[in-house]
There are 2 protein chains.
Amino acid sequence: MQVFGDYGYVGSTTAQVARAAGVSQPYVVRMFGTKEQLFLDVITRALERLLTSFRQAVADTASAEPLTQRLGSAYVNQLRDRGLLLSLMHAFVLGKDPVIGPAGRGGFMQVYRFLRDEAGFGAAEAQGFLAEGMLINTMIGLRMTDEFDGDPEVRELLECAFPTKIDLVRSLAQ
Amino acid sequence: MQVFGDYGYVGSTTAQVARAAGVSQPYVVRMFGTKEQLFLDVITRALERLLTSFRQAVADTASAEPLTQRLGSAYVNQLRDRGLLLSLMHAFVLGKDPVIGPAGRGGFMQVYRFLRDEAGFGAAEAQGFLAEGMLINTMIGLRMTDEFDGDPEVRELLECAFPTKIDLVRSLAQ
DNA sequence: CCGCTAAGGCATCATACGATTACCTAAACA
DNA sequence: TGTTTAGGTAATCGTATGATGCCTTAGCGG
């Protein structure tokens, strides 16, 4: 997940994944069959973790925070899982691929369905939540936090996008 | 722009670009020096076109529509330029790259500065506009319109994200 | 002690791709 | 007419990469 998040699907090599995992390159290929299957496994796992975290946020009715805010927190907390959100994002821009494409669309719609059916969002509310999420993914992908101290407008934008979580985001982003 | 939009920076080959342009592969390399420089030229051109269109929307004070809506229309109309928004999006997720990264961050902040300084948006308004734009990019990247007729929830989401422009988007997406 | 299986590495292969080199051709033109 | 020059192409090269085949080691039941 870390490697695919950093370099994308095509830009990552099985040798990089192997190095990160501390095994040999051929072993990675043999464990997953192909690089494509490895990437599919990665985004499946990423989605499982994301939805699990979302469901815990829905179930946490003891919290004083409203649901939207709990879900937002759960989303930003995925940054602790390095590469999780970015691996998904890389899949989302490869919709033309005959294998990655359907998987990406299916995963995205799984999240939308969760927001509508399990979180009780309306269509507009769910759409807005997804939009904020995609902006977060983009800014993380851009490594925008690198410029937080250097560019006051970057700082303004980041503080607006992460009103309460900016410190967490900065400490997690790399 | 079309090729990079479809396959991403790493996933595109200079041979594909050459075929799309009707020239030979070595000629593409010689015209731009390297594939990296070609991609930088592509995203520079994409940003120029986007900002030019935005400035026209700001200048069009005769319109009855509010500015936000005019800018939204201008954004969706970039879909006529095949690969424009997606080439940018591919650059945005490669922020770790030592060359693409700074270019992507600079381009993104150019748009943010436009919204703040020239369009007169506040920080929150600009952030919301960018968020909607990134959701649009994601759904176009996912080729979500392919499922418009097949999946009623896809249809609901798309109609919510493009309340007035859904027909245009469907006719342009491929 | 033997044989089986799980876990994993080493060497290597075929291919795709970006880049380079050398070459070609049709105008422009002095 | 000879020569430069713009605008290309074909052939090729070096390398990176995903994939494959074979070997080694260790545990473990009989």
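Computed from a predicted model, the values in this text were never measured in an experiment. Proteins get letters first, then strands, A, B, ... in listed order; numbering begins at 1 in each. Keep in mind that the numbers below use all heavy atoms, side chains included, and drop hydrogens, waters and symmetry copies.
Heavy atoms only, all atoms of each residue included: B:K96 and A:Y7 are closest at CE-OH, 3.6 Å.
By the ring-ring contact (aromatic ring centres under 6.0 Å, His included) test, A:F114 pairs with A:F54, sequence neighbours left out.
At a threshold of 4.5 Å between non-hydrogen side-chain atoms, the residues A:F121 and A:Q127 do not count as touching. Here the side chains of B:F92 and B:R105 are not in contact, with every heavy-atom distance at 4.5 Å or above.
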Kindly list each side-chain donor-acceptor pair under 3.5 angstrom involving residues 12-20 of chain B, sequence neighbours excluded, with atom names and distances?
{"residue": "B:S12", "atom": "OG", "partner": "B:V3", "partner atom": "O", "Å": "3.2"}
{"residue": "B:S12", "atom": "OG", "partner": "B:G8", "partner atom": "O", "Å": "2.6"}
{"residue": "B:T13", "atom": "OG1", "partner": "B:A15", "partner atom": "N", "Å": "3.4"}
{"residue": "B:T13", "atom": "OG1", "partner": "B:Q16", "partner atom": "N", "Å": "3.0"}
{"residue": "B:T14", "atom": "OG1", "partner": "B:Q25", "partner atom": "NE2", "Å": "3.2"}
{"residue": "B:Q16", "atom": "OE1", "partner": "B:T13", "partner atom": "N", "Å": "3.0"}

Please output the side-chain donor-acceptor pairs of residues 37-46 of chain B that fall under 3.5 Å, not counting sequence neighbours, one pair per line with the distance.
{"residue": "B:Q37", "atom": "NE2", "partner": "B:D41", "partner atom": "OD1", "Å": "2.9"}
{"residue": "B:T44", "atom": "OG1", "partner": "B:L40", "partner atom": "O", "Å": "2.8"}

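Proximity of residues 94-102 of chain B to DNA chain C (heavy atom under 4.0 angstrom from any strand atom) is not detected for any residue.
Rounded to an integer number of Å, the gap from CZ of B:R19 to P of D:dG8 is 18 Å. Straight-line distance from the CZ atom of A:F32 to the P atom of C:dG8: 12 Å, rounded to whole Å. Between the OH atom of A:Y7 and the C1' atom of D:dT17 there is a distance of 16 Å, given to the nearest Å. If you take CZ of B:R30 and P of D:dG8, they are 10 Å apart, rounded to a whole angstrom.
Note on B:Y27: a side-chain N or O is less than 4.0 Å away from OP1 or OP2 of D:dG8.
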- Where do B:L158 and B:E147 land on the side-chain contact (heavy atoms from CB on, under 4.5 Å) test, with the steps shown first? CA-CA 10 Å; B:L158 284 172; B:E147 316 280 348; over 6 Å; no
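Pairs passing the side-chain hydrogen bond (donor to acceptor under 3.5 Å, both in side chains) check and including a residue from residues 80-90 of chain A, sequence neighbours excluded, read A:D6-A:R82, A:R49-A:D81, A:N77-A:R80.
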Enumerate the protein-to-nucleotides 11-18 of chain C contacts in which both atoms are nitrogen or oxygen and the separation is below 3.5 Å.
{"residue": "C:dG18", "atom": "OP1", "partner": "B:S12", "partner atom": "O", "Å": "3.3"}
{"residue": "C:dG18", "atom": "OP1", "partner": "B:K35", "partner atom": "NZ", "Å": "3.1"}
{"residue": "C:dG18", "atom": "OP2", "partner": "B:T14", "partner atom": "N", "Å": "2.9"}
{"residue": "C:dG18", "atom": "OP2", "partner": "B:T14", "partner atom": "OG1", "Å": "2.9"}

